[in-house]
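Here is the structure we will look at, set down as structure tokens.
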Amino acid sequence: MEVVMQMQRARCRSMVVLGLWLTCLGLVLLNPSLVLSAEPSSSIDRLRIVTFNAQCLSAPNTKASRIPRFRWDLVRVDHLERVANVIETLEPDILNLLEVTSSDAVAALVKLLHAKGLSKYRGFHVESNDKFTGFDVALITCHEPDNVDGQLIRCLVSPAGDMTWRERYQYTDADGKTHDKQTTLARHAVYGFTFGEVRLGFLGLHLKADPSDARSNSRRSSETKIARRMIQQEIVDRGYLPIVLGDLNDYDPDVPDRDQMRVTKTTVLVDLKNYDPSTPEAELVNPADRIVRLEDRYTSHWDRNENGIADSMDVYTMIDYILLPKPLVPAIKRVFVSRCFGLATSDHWPGVVDLDLSP
């Protein structure tokens, strides 16, 4: 009798294993993009994601962007030190770093981190299509990004005449004249990570500034249309959970921030959260609603009179975000904005999200 029971248990185990194997095979056949050449990273428990607009990060003896005070090497060196201190303080696993001016700036920053003993960090830079400011979106991380199409970090730009990653937009100027323009998603970076069974695809964005200007709003809205296509085609269709983060230069109508006077004139945040137009509900959420105090919900400091200090005339709003897919909501452990420095470092503060990715 005991031999018969053992045989039955063994048969049941074999059927379970066969069922699991067939299920996995079926998922792969339905979505071949789930199979990539990248070697998966080991699973981790805590994952700290940070996005930070460092405000014109430049290396000495290189061509910088148009912000006047960063044309001096002494200022650049001090700025690199300050940004390195922010990273040393926050210890991000994945840092989406904005307003980087060159690969030399990323290399100088990583060199500083290594000198501090933070040798786990590596930097990844890709040239943007912003010909005016020269700002790029870079990645600082202690994990190995996935290799997608032979690249660890990508910036997708179509050639002239190819509208794959381009959009048209219109605006009316102060004289009532209507202009028809074309834009790319000038400042962005796409990269992904595999942590055990969890695959996260990131779209780092720095959208057109000035939410009070009609031309800027129209262009930012068109940039958002391109971003939605990137999320679907370059992240979701490749089998990743999408995370959109960066300086979006707009307001979220669903999550109030400190400044109740600021009202969005676009649907940028709504469209990014509902990146799939075929579905009625948003696929992404803004976890900033986890920040309990309304007074703490701001990421930018507009020094209106440019006196270099915080005063009553200045404007504090939330325009930097980390938008998460709904399946990751149960993994959220903490959301906050780190204000561990003043205007000498940046006019933005890092947004931080801690996730628990343990099985």
Side-chain angles (χ1 to χ4, degrees), residues 41-42 44-65 67 69-127 135-145 152-153 189 191 193 195 200 202 204 206 243 245-247 299-301 308 320 322 333-357:
S41 304
S42 58
I44 62 173
D45 291 343
R46 189 211 79 161
L47 183 72
R48 171 162 286 184
I49 301 170
V50 177
T51 187
F52 177 37
N53 184 331
Q55 194 182 19
C56 195
L57 192 72
S58 309
N61 302 312
T62 61
K63 182 180 178 180
S65 77
I67 299 180
R69 73 185 179 97
F70 290 105
R71 66 181 185 267
W72 308 108
D73 280 354
L74 186 64
V75 177
R76 297 183 190 185
V77 170
D78 179 67
H79 190 214
L80 284 163
E81 289 278 359
R82 291 174 180 273
V83 174
N85 289 339
V86 173
I87 298 172
E88 184 180 28
T89 300
L90 293 180
E91 292 189 284
D93 291 288
I94 296 170
L95 169 60
N96 188 67
L97 192 61
L98 290 82
E99 290 202 10
V100 174
T101 59
S102 66
S103 59
D104 291 325
V106 175
L109 178 61
V110 171
K111 183 178 180 181
L112 265 176
L113 294 173
H114 290 183
K116 289 174 171 288
L118 303 174
S119 58
K120 61 183 180 180
Y121 285 111
R122 294 174 62 196
F124 300 89
H125 171 269
V126 63
E127 195 70 26
F135 290 149
D136 309 320
V137 179
L139 168 66
I140 305 293
T141 181
C142 52
H143 299 282
E144 180 71 14
L152 302 180
I153 184 171
Y191 47 89
F193 295 88
F195 301 111
L200 303 177
F202 292 79
H206 188 182
I243 296 176
L245 70 173
D247 182 355
T299 62
S300 69
H301 177 181
D320 305 83
I322 301 175
K333 291 303 175 185
R334 190 182 179 199
V335 182
F336 67 98
V337 178
S338 175
R339 278 180 284 277
C340 54
F341 54 81
L343 280 173
T345 302
S346 177
D347 54 357
H348 289 248
W349 290 280
V352 184
V353 171
D354 288 335
L355 299 177
D356 180 2
L357 298 183

message: So which atom in H348 and which in F52 form the shortest heavy-atom distance, rounded to 0.1 Å?
response: O-CE1, 3.5 Å
task: Verify, without hydrogens or angle tests, whether R76 (side chain) and F70 (backbone) share a donor-acceptor contact under 3.5 angstrom.
output: yes
message: Using the side-chain contact (heavy atoms from CB on, under 4.5 Å) definition, which of the options V352, V353, I322 pairs with V335?
response: V353
message: Assess the residue pair E144 and L152 against the criterion (side-chain contact (heavy atoms from CB on, under 4.5 Å)); give the C-alpha distance rounded to whole Å, side-chain angles, the decisive distance to 0.1 Å, and a yes or no.
response: CA-CA 9 Å; E144 180 71 14; L152 302 180; 3.9 Å; yes
- prompt: Is it true that a side-chain atom of D320 and a backbone atom of P350 form a donor plus acceptor pair closer than 3.5 Å?
  reply: no
- prompt: Does L139 reach the side chain of F202, with side-chain heavy atoms less than 4.5 Å apart?
  reply: no
message: Whether R334 engages the ring of F336 as a cation-pi pair (distance to the six-membered ring centre under 6.0 angstrom, angle to the ring normal within 45°) should be assessed.
response: yes
query: Hey, is NZ on K120 packed in by over 12 heavy atoms from elsewhere, all under 6.0 Å?
result: yes
- request: Over 60° means perpendicular and under 30° means parallel, so classify the ring planes of F193 and F195, tilted if in between.
  value: parallel
message: If you compare all heavy atoms of V110 against all heavy atoms of Y121, which two are closest, and at what distance to 0.1 Å?
response: CG1-O, 3.8 Å
Heavy-atom check, side chain of H143 versus side chain of I44, under 4.5 Å: yes
statement: Here the gap from R69 atom CZ to H79 atom NE2, rounded to the nearest 0.5 Å, amounts to 6.5 Å
task: Heavy atoms only: give me the nearest H114-L118 pair and the separation to one decimal.
output: CD2-O, 3.4 Å
task: For I153 and H125, work out which heavy atoms get closest and say how close.
output: CG2-O, 3.9 Å
query: Under 4.0 Å between a Lys/Arg side-chain N and an Asp/Glu carboxylate O for D93 and R48?
result: no
- request: Evaluate the side-chain proximity of L109 to I87: yes if any heavy-atom separation is below 4.5 Å, no if none is.
  value: yes
Shortest non-hydrogen contact from L90 toward S338: CD2-OG, 3.6 Å
field: Gap separating the CG atom of L98 from the OG1 atom of T51, nearest 0.5 angstrom
entry: 5.0 Å
task: Determine, stepwise, if the pair D136 / V126 fulfils side-chain contact (heavy atoms from CB on, under 4.5 Å).
output: CA-CA 7 Å; D136 309 320; V126 63; over 6 Å; no
query: What's the spacing between Q55 CD and D347 CG if we round to 0.5 Å?
result: 4.0 Å
Exceeds 12 heavy-atom contacts within 6.0 angstrom, atom NZ of K111: no
query: Just how far is it from atom CD1 of I140 to atom CG of L113, taken to the nearest 0.5 Å?
result: 7.0 Å
task: Identify the residue among T299, N53, N96 that makes a side chain to side chain donor-acceptor pair (under 3.5 Å) with D247.
output: N53
- prompt: Which value, rounded to the nearest 0.5 Å, describes the distance between L57 atom CG and T345 atom OG1?
  reply: 11.0 Å
Nearest-0.5 Å distance, CD1 of residue I67 to CD of residue E99: 5.5 Å
statement: Smallest heavy-atom separation, V50 atom then P92 atom, equals CG2-CB, 3.6 Å
message: Donor-acceptor pair, distance only, cut-off 3.5 Å: does the side chain of W349 make one with the backbone of F341?
response: yes
